[in-house]
Amino acid sequence: MSKKGERFYFENFIACAACSCRAAALLEETLGGFDAKDLPGKIEQMHVIEHEGDGLKHEMMAELMRAFITPIEREDIILLSQNIDEVTDCIEDVLLRVYVNNVNLVNPETVRFTKLIIRCCEAMHQLMQRFPDFKRNAGLHDLIVEINALEEEGDRLFITSMRKLHTESSDPVEIIAWREIYIYLEKCVDACEHVADVIESVVMKNT
């Protein structure tokens with residue numbers, strides 16, 4: 001396979017991760033300066049980003065169907081592409097849950113989650129940028145460790161947020177709504193870790 005053909009896969013991964021970063025930034029912008037009346041428009045903006053990510057994933061699958069030789073195993077390419085796309089999907093799902101649950105006020109814990117998701121996506125993007133040199137392991141291990149640490153931070157934030165919700169709120173509707181939103185916020189962080197896990201597996205199998 002030509003070097004140009006090989007670069008396509010890695011460049012596609014980087015572009016998909018960039019979509020996740022843009023989605024995370026939009027999520028933080030929306031919830032950090034929350035105004036319920038702006039939410040439908042923000043959801044439309046988010047869907048444009050998500051649609052772009054889907055398009056990149058479809059390009060990847062189309063190229064994979066034509067390829068005879070690939071830089072890493074086909075199964076790993078598919079899994080990695082799907083997992084990066086899942087990050088963007090999870091971020092979009094957060095906004096959708098805020099909308100369908102008719103949230104009118106965003107709490108500080110949610111804003112902390114959005115900032116954590118940005119950090120996770122940025123680390124994932126850096127991981128994709130360094131992935132083409134994975135055989136030399138150019139800083140990949142440190143980024144994988146960083147993403148794992150951020151996921152653990154997300155677990156702690158999820159627990160404290162859920163605890164606060166159940167101890168300080170007496171409104172069952174509010175509890176149900178925010179439980180769902182917190183679960184989807186945590187899924188965003190988990191999705192980034194899943195990407196890091198695939199990269200770690202690829203490195204171990206190919207070096």
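We use all heavy atoms of the structure for the numbers below, so side chains are in, but hydrogens, waters and symmetry mates are not.
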Separation of [Y] [atom2] from [X] [atom1] (nearest 0.5 Å):
X	Y	atom1	atom2	value
E146	E122	CD	CD	9.5 Å
K57	N83	NZ	CG	10.5 Å
I199	I147	CD1	CD1	9.0 Å
F10	F134	CZ	CZ	5.5 Å
C21	I91	SG	CD1	8.0 Å
L79	E86	CG	CD	11.0 Å

Where is the tightest heavy-atom contact between [X] and [Y], given as atom of each residue plus distance?
X	Y	answer
A24	C121	CB-SG, 3.9 Å
R130	L143	CD-CD1, 3.8 Å
A196	L127	CA-CD2, 3.9 Å
E109	L157	O-CD2, 4.2 Å
A177	N101	O-ND2, 3.5 Å
S161	F113	OG-CE1, 4.3 Å

Side-chain touch L116/R112, heavy atoms, less than 4.5 angstrom
no
Indicate yes or no: at least one non-hydrogen side-chain atom of L64 is less than 4.5 angstrom from one of Y9.
yes
Taking R66 first and then E63, would you say they form a salt bridge - that is, a charged N and a carboxylate O separated by under 4.0 Å?
yes
Decide whether [X] and [Y] are clustered together by the hydrophobic rule: side chain heavy atoms of Ile, Leu, Val, Met, Phe, Trp, Tyr closer than 4.5 Å, transitively.
X	Y	value
L27	V48	no
I118	M46	no
V100	I175	yes
V198	V145	no

With E28 as reference, evaluate R22, R119, K115 under the salt bridge (charged side-chain N to carboxylate O under 4.0 Å, His left out) test and give the passing residue.
K115
For E193, all residues meeting salt bridge (charged side-chain N to carboxylate O under 4.0 Å, His left out), sequence neighbours excluded
none
Would you say [X]'s side chain and [Y]'s backbone share a donor-acceptor pair under 3.5 angstrom?
X	Y	result
N12	L56	yes
S169	H166	no
T30	L26	yes

Listed once per pair and sorted, the salt bridge (charged side-chain N to carboxylate O under 4.0 Å, His left out) pairs that draw on residues 165-188, sequence neighbours left out:
R97-E180
Steps toward side chain to side chain contact (heavy atoms under 4.5 Å, CB included) verdict (S81, F13)
CA-CA 7 Å; S81 181; F13 292 142; 4.3 Å; yes
Test D190 against D155 for side chain to side chain contact (heavy atoms under 4.5 Å, CB included), laying out the working first.
CA-CA 9 Å; D190 289 344; D155 285 345; 4.3 Å; yes
Verdict with supporting geometry, I84 and M128, side chain to side chain contact (heavy atoms under 4.5 Å, CB included):
CA-CA 10 Å; I84 299 173; M128 293 304 103; 3.6 Å; yes
Any side-chain donor paired with an acceptor under 3.5 Å for D85 and T88?
no
Begin with the C-alpha distance, continue with both residues' side-chain angles, and end with the deciding distance and a verdict on side chain to side chain contact (heavy atoms under 4.5 Å, CB included) for F34 and L39.
CA-CA 8 Å; F34 186 71; L39 198 51; 4.2 Å; yes
Considering the options V94, L96, L95, which one meets the side-chain contact (heavy atoms from CB on, under 4.5 Å) requirement together with Y184?
V94
